[in-house]
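Worksheet: one structure, shown below.
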Amino acid sequence: MNENFSTILTQKRQEKSMSQEELAKNLYVSRQTISKWEKGESLPDIEKAQKIAEIFNVDLNYLISGHQEHAQNDESLKILEDRVTQLEDSLQENKFIARTNGWDIIKYLIYLVGITIIGGFLTSAFYYIKH
């Protein structure tokens, strides 16, 4: 872990244009502690390592081992996001269809009620005309 961690820590900190002092403040440690980690002279405890992974948005396993397993996780996440988007789109289409069908049913019922009323009126009118 020592060599991989120190290299990755230094690289990620520099990519974010973050000073050792800024990182130290985020982790509640001294700048000298960050320097020792980057030189490989010491290692953070697990809580600090997790916080570092969060700060640099990397997987803790990657931070410790240097293996980029997170790339596979990113691809899986992208596939899941795409599938969720497809399901949301499908749901919206189904809501539209259900809404459309609902309005069609309401229109049909209004039409039937209207025909019934007109039919009743005409029946009454013919009855009065005959008698």
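Keep in mind that the numbers below use all heavy atoms, side chains included, and drop hydrogens, waters and symmetry copies.
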To the closest 0.5 Å, what do you measure between CG (L23) and NZ (K16)? 9.5 Å
Do you know which two heavy atoms are closest between I64 and N4, and how far apart they sit? O-CB, 3.7 Å
Within the 4.5 Å heavy-atom criterion, are I8 and F56 side-chain neighbours or not? no
Quick one: CG on L63 to CG on L9, what's the gap to the nearest 0.5 Å? 7.0 Å
Tell me the side chain to side chain donor-acceptor pair (under 3.5 Å) pairs involving residues 20-29, sequence neighbours left out? S19-E22, Q20-R31, Q20-E38
Contacts of E54 meeting side chain to side chain contact (heavy atoms under 4.5 Å, CB included) (sequence neighbours excluded), chain-then-number -> K51
Mind checking what makes side chain to side chain contact (heavy atoms under 4.5 Å, CB included) contact with E47, not counting sequence neighbours? D45
Answer yes or no: is there a donor N or O on one side and an acceptor on the other, between the side chain of K48 and the main chain of L27, under 3.5 Å? yes
Closest non-hydrogen atom pair, G40 against S6: N-CB, 3.8 Å
Contacts of Q11 that satisfy side-chain hydrogen bond (donor to acceptor under 3.5 Å, both in side chains) - sequence neighbours left out: E15
Any chance you could measure E41, atom CD, to S35, atom OG, to the nearest 0.5 Å? 6.5 Å
Going by the rule side-chain hydrogen bond (donor to acceptor under 3.5 Å, both in side chains), which residues pair with T33 if we only count those two or more places apart in sequence or in a different chain? S30
Does the side chain of W37 reach to within under 4.5 Å of the side chain of R13, using non-hydrogen atoms? no
